[in-house]
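Below: the structure, in structure tokens.
For the numbers below, each heavy atom of this structure counts, side chains included, while hydrogens, waters and symmetry mates do not.
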Number of protein chains: 2
Amino acid sequence: MTPNIPKATAKRLPIYYRYLKILADSGKKHVSSTELAETVKIDPATIRRDFSYFGALGKRGYGYDVSSLLAFFKTTLSQDKLTNVALIGVGNLGQALLNYNFHKSNNARISAAFDIDPQITGLIRSGVPVYPLEDMQEQLRLQQIKIAILTVPAAVAQSVTDELVAGGIKGILNFTPLRVTVPENVRVQNVDLTNELQTLIYFLQHFEHNG
Amino acid sequence: MTPNIPKATAKRLPIYYRYLKILADSGKKHVSSTELAETVKIDPATIRRDFSYFGALGKRGYGYDVSSLLAFFKTTLSQDKLTNVALIGVGNLGQALLNYNFHKSNNARISAAFDIDPQITGLIRSGVPVYPLEDMQEQLRLQQIKIAILTVPAAVAQSVTDELVAGGIKGILNFTPLRVTVPENVRVQNVDLTNELQTLIYFLQHFEHNG
DNA sequence: GTGAGATTGTGAATTAGTTAACATCTTTTA
DNA sequence: TAAAAGATGTTAACTAATTCACAATCTCAC
């Protein structure tokens, strides 16, 4: 297993991966940190340092070989195998994520969805079966799903989270505005659209020039 | 105007604001940093430091007065006035954001949407008029909109961004996977769902215990 | 081959962010 | 009124992240 990478670096890996795919598609053979820096908007020294955590991936005077770097990140980001993910709460946002189809640009897919609304449970939405919430723990275990996308109303966020944990979930992509409580070995990644918008507004008001 | 706040602090302000609203609604009169820390999952010392950038907002031995702190953040986050926002690209995700209705928990609303598809331009979707993309610059100026949510296909992300900038946009909430190029005085906040998911998968694989 | 030019990988310096620790002030209770 | 308890604001210590700057190494044109 890879050595302990700084968190900040880990968050940038998917960006590198995506851009390497684009470069590979465009037929580029090699790329320098400076060149990559311009497209991903990250300082070249930071890119070199990030890459160097994984060993010497480049060649002096030449740069990084696109296809081998791509292959490296593919395995590092587990993109060489399919990851199944559950979606909890098929409302506005949930439905949009079902359509969004991560699978296109990402080797992950929503393979099961859950909701309380009996109008939609039992149906297939955007190619994904929708189960009733009561069956959640059972299905999660059965399908061995370890990651859940949480798009339920805030009021039930914590109780559903508790069930997810009981069902063996290890990672939660939390779209609710609440900071849910989980055991230490479960990771929560918060995606809060209202927050992002407010932060943007704040920066515009208070950091007039760049930031 | 407020002094220069660390970026990390600025990103936490919306979280504080949201939780203060919840506390106020539940009738709480005052709150200590320790108590708040538990609900928002941020170290109490960090909370005190964050608040202290804005001056002495609390009282020793008592904590922070919920309603006055709430009022303070309300103005600081420009939540005391309505902010109009444009949505560019009424696809899956765009439509979901229209329904999402920021307005409920946030004094911002999407007041105009834009798309190329003649099937939907001219219509009102989820209460918001959809204009053809050709009219974008004109409408942005007319309605004095400074913030845009970008939910267009990646292929046109940069060209649409250039138009947004030409139309006077100062902040972009970018849902496309591309890192768009903008002038220095324009701020881009990237929200990349695929990234978030990949990062989560990476952390689960490589940081078995918490992180 | 050889030398000019390119570009990495990384110590060292710097900057940013977090946390500990505590003097200081406020509240409360008796 | 005095003393105990509570909780801030902030200095100082620490940890994390970024960036500089350059020796080491490679490429490629001739």
Of the listed nucleotides ([options]), which one gets closest to any side-chain atom of [X]?
{"X": "B:Lys7", "options": "D:dT10, C:dG17, C:dT18", "result": "C:dG17"}
{"X": "B:Ser52", "options": "D:dC26, D:dT10, D:dT18", "result": "D:dT10"}
{"X": "A:Tyr64", "options": "C:dT8, C:dG17, D:dT10", "result": "C:dT8"}
{"X": "A:Ala45", "options": "D:dA17, C:dT26, D:dC20", "result": "D:dC20"}
{"X": "B:Ala8", "options": "C:dT7, D:dT19, C:dG17", "result": "C:dG17"}

Distance check needed: [N] [atom2] versus [X] [atom1], whole Å only.
{"X": "B:Asp43", "N": "D:dC14", "atom1": "CG", "atom2": "C1'", "answer": "13 Å"}
{"X": "A:Lys41", "N": "D:dT18", "atom1": "NZ", "atom2": "P", "answer": "18 Å"}
{"X": "A:Phe54", "N": "C:dT8", "atom1": "CZ", "atom2": "C1'", "answer": "17 Å"}
{"X": "B:Ile47", "N": "C:dT18", "atom1": "CD1", "atom2": "P", "answer": "12 Å"}
{"X": "B:Lys29", "N": "D:dG6", "atom1": "NZ", "atom2": "P", "answer": "22 Å"}
{"X": "A:Tyr62", "N": "D:dT27", "atom1": "OH", "atom2": "P", "answer": "8 Å"}
{"X": "B:Ile42", "N": "C:dG17", "atom1": "CD1", "atom2": "C1'", "answer": "13 Å"}
{"X": "B:Asp65", "N": "C:dT26", "atom1": "CG", "atom2": "P", "answer": "15 Å"}

Inset, instruction - Evaluate side-chain hydrogen bond (donor to acceptor under 3.5 Å, both in side chains) for A:Lys41 paired with B:Thr181, printing each intermediate quantity in order. - result: CA-CA 8 Å; A:Lys41 325 277 186 215; B:Thr181 303; 2.4 Å; yes
Does a side-chain N or O from [X] land closer than 4.0 Å to OP1 or OP2 of [N], or not?
{"X": "B:Arg48", "N": "D:dG6", "value": "no"}
{"X": "A:Lys59", "N": "D:dT27", "value": "yes"}
{"X": "A:Thr46", "N": "D:dT19", "value": "yes"}

Inset, instruction - Would you list the pairs meeting ring pair (Phe, Tyr, Trp, His ring centres under 6.0 Å) in which at least one residue belongs to residues 155-189 of chain B, sequence neighbours left out? - result: none
Inset, instruction - Give one of base, sugar-phosphate or nothing for B:Phe51, where a contact means two heavy atoms less than 4.0 Å apart. - result: nothing
Inset, instruction - Just call it for B:Ser33: base, sugar-phosphate, or nothing, with non-hydrogen atoms closer than 4.0 Å on any strand. - result: sugar-phosphate
Legend entry - Student check: side-chain heavy atoms of B:Val40 and B:Ile47 closer than 4.5 Å: yes
Legend entry - C:dT8 base / A:Arg60 side chain donor-acceptor hit below 3.5 Å: yes
Legend entry - Name of the residue among A:Tyr17, A:Tyr64, A:Phe51 meeting ring pair (Phe, Tyr, Trp, His ring centres under 6.0 Å) with A:Phe73: A:Phe51
Legend entry - Donor + acceptor pair across side chains of B:Thr75, B:Asp80 (<3.5 Å): no
Legend entry - Toward the 5' end of DNA chain D, by each residue's nearest nucleotide, A:Gly61 or B:Arg49: B:Arg49
